[in-house]
Number of protein chains: 2
Amino acid sequence: MNESKGGSVTYEYNVIDRESGQPIYIQLANIIRKQINAGKYHPGEQLPSEAMLVQSYHVSPMTIRRTINLLAEQNIVSTAQGRGTFVKAVRIGTAAFYLNRFQEIFSDEKATTVKLIEARLVKTDERTARKLKITVGVRAIYIRRLLLVYNQPAFYHCEHLIYDPRRPIVESELEVTILKGLFSGIGSPLIKKGELQMEAILFTKEEAAILKTPLPAAGLFLEHIFFDFDDKPVSWGWFICLSNQLRLHTSIGLDLSKDSIYDNF
Amino acid sequence: MNESKGGSVTYEYNVIDRESGQPIYIQLANIIRKQINAGKYHPGEQLPSEAMLVQSYHVSPMTIRRTINLLAEQNIVSTAQGRGTFVKAVRIGTAAFYLNRFQEIFSDEKATTVKLIEARLVKTDERTARKLKITVGVRAIYIRRLLLVYNQPAFYHCEHLIYDPRRPIVESELEVTILKGLFSGIGSPLIKKGELQMEAILFTKEEAAILKTPLPAAGLFLEHIFFDFDDKPVSWGWFICLSNQLRLHTSIGLDLSKDSIYDNF
DNA sequence: AAGTGGTCTAGACCACTAT
DNA sequence: TAGTGGTCTAGACCACTTT
């Protein structure tokens, strides 16, 4: 019943299997992706029009649209109303480095332990006050932690938290804190958004000592600010680590390994 | 004609304007995003079912689906078949750092100039041969360039290119090369995919001298391999720069500034 | 005018989850 | 069994581009 017209039983892999359970629009996207990969359409070239694809694959226009949308989201094709759909060329600017490796480390509860180095109330200095949008001298919680992966120092974390006297600090919270969910995958319901910035830095003496690395050493500095639902900053801080702890890699262009759309993390 | 039933002229901003030209599914996504932002739904809470939304906003199920899909793509909600749609909590692992700033620099032809430091045929060493998947000792093109932004050294680029004797090297190509399109936005039709890796490094004496920076200095190392449509590596190399040349920042969670879907780069 | 992508409808049918 | 999200149809209508 899935044979193409003509009655031949020749196996065609560029054909939709309606029994497979995989959505048609994904099957179609994979078919087109394979065709591009095989060189049937080169960057800059035009794909068949949606009307043509509707005829070729015997699906509804809406389904073709979903297919094209999917490919467009994945930066494989671009669409131009009135002109057509075209294969995109690889551009380095579309590269994205994700922190999922970072999260993996933090959610591995067996391997990762948190060592509290310091936690105290401090009077905020100018910079901290500016970041947390409070007045200089107002008290804030200052926490320093060392995160060990398989008992090896991996991340040094400094953090300034808004101090709310109505919510007394529970000792045990300091090692894990509000932010735990941000890494473990649960997420904090109190945080609305965050801003992150990454830089390469030279380690200070103290940082090198804490991370047990000889000087001079270079590493990554990952700054974060988190905001609550009133758009007020609640946490400002940074992670410092050796580059090999946070290897950032990505790929651009066609990658047939991401056959499925279910690669959300 | 756009008044809600009851004849009242009270202005409601959480209402769909069918004359606005903006697609309904985007308007609806913005409305829901604003409601989440305003605290109407908190992370972990369930959104109204799609059937409810169909009734509330008088649109078809398909349109609601597109809205929910859009919010899911933007990591704002998550869907679970049979259970419902839920507001997502902020998770640091969803952060993505983009190289669009990198591309901006390279496509600004007025500000950016390329200075060729060295270009010659070399016999490949073990590492280069491995990366380019060729035999050790086979000739390759080795190019070193300095990219200046407003006449200041910004990026130091080393690159190994497959040498194809059938295509003689044109002198003038060396300063711009095949890869130009990768940055300028045109893209190369010969490249199918690329792999990128980023690290923090200590500058060598040579690198510091070229980038006119005192030692010791830390910077970013961006390695790239590009593949052609035969999945053969054609270029392996790396960019080295000071961290401030490639500031990497991003935000996670709700961000009302990305109202439109048209923020592709 | 003909062809292109883009949105939207008003359902049908299915798979999954809870009760 | 009732409610949920997920896919798909077979069109209609629109905006835009090219000829």
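Naming: A, B, ... by sequence-line order, numbering from 1 per chain. Bear in mind the structure is a predicted one, so any value in this text is a computation, not a measurement.
Checking C:dC8, C:dG11, D:dT9 against every side-chain atom of B:P61, the shortest atom distance belongs to C:dG11.
Distance check: B:L47 CG to B:L53 CG gives 7.0 Å after rounding to the nearest 0.5 Å. The OG1 atom of B:T94 lies 7.5 Å from the CD atom of A:Q103; values are rounded to the nearest 0.5 Å.
Inspection of the B:N69 and B:R66 side chains reveals no N or O donor paired with an N or O acceptor under 3.5 Å. Side chain to side chain, B:Q27 and B:S20 meet the donor-acceptor criterion of an N or O pair below 3.5 Å.
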Collect all protein-nucleotide pairs involving nucleotides 2-5 of chain D in which both atoms are nitrogen or oxygen and the distance is under 3.5 Å.
{"residue": "D:dG3", "atom": "N2", "partner": "B:G82", "partner atom": "O", "Å": "3.1"}
{"residue": "D:dT4", "atom": "OP1", "partner": "B:S49", "partner atom": "OG", "Å": "3.4"}
{"residue": "D:dT4", "atom": "O2", "partner": "B:G82", "partner atom": "N", "Å": "3.2"}
{"residue": "D:dG5", "atom": "OP1", "partner": "B:T85", "partner atom": "N", "Å": "3.4"}
{"residue": "D:dG5", "atom": "OP1", "partner": "B:T85", "partner atom": "OG1", "Å": "3.1"}
{"residue": "D:dG5", "atom": "OP2", "partner": "B:E50", "partner atom": "N", "Å": "2.7"}

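Applying the side chain to side chain contact (heavy atoms under 4.5 Å, CB included) rule to B:E195 yields the partners A:S251, B:K193, B:F227; only residues at least two apart in sequence or on another chain are considered.
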Problem - Full working for ring pair (Phe, Tyr, Trp, His ring centres under 6.0 Å) between A:F86 and A:Y41 - result: CA-CA 9 Å; A:F86 303 86; A:Y41 309 109; over 10 Å; no
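Note on B:R66: a side-chain N or O is less than 4.0 Å away from OP1 or OP2 of C:dT7. At the phosphate of C:dT9, OP1 or OP2 sits under 4.0 Å from a side-chain N or O atom of B:T63. For C:dC8, neither phosphate oxygen OP1 nor OP2 lies less than 4.0 angstrom from any side-chain nitrogen or oxygen of B:Y25.
We find that CZ of A:R18 is positioned 15 Å from P of C:dC13, with the value rounded to whole Å. Between the CD1 atom of B:I64 and the C1' atom of C:dA10 there is a distance of 14 Å, given to the nearest Å. Rounded to whole Å, atom C1' of D:dC8 lies 13 Å from atom CD1 of A:I26.
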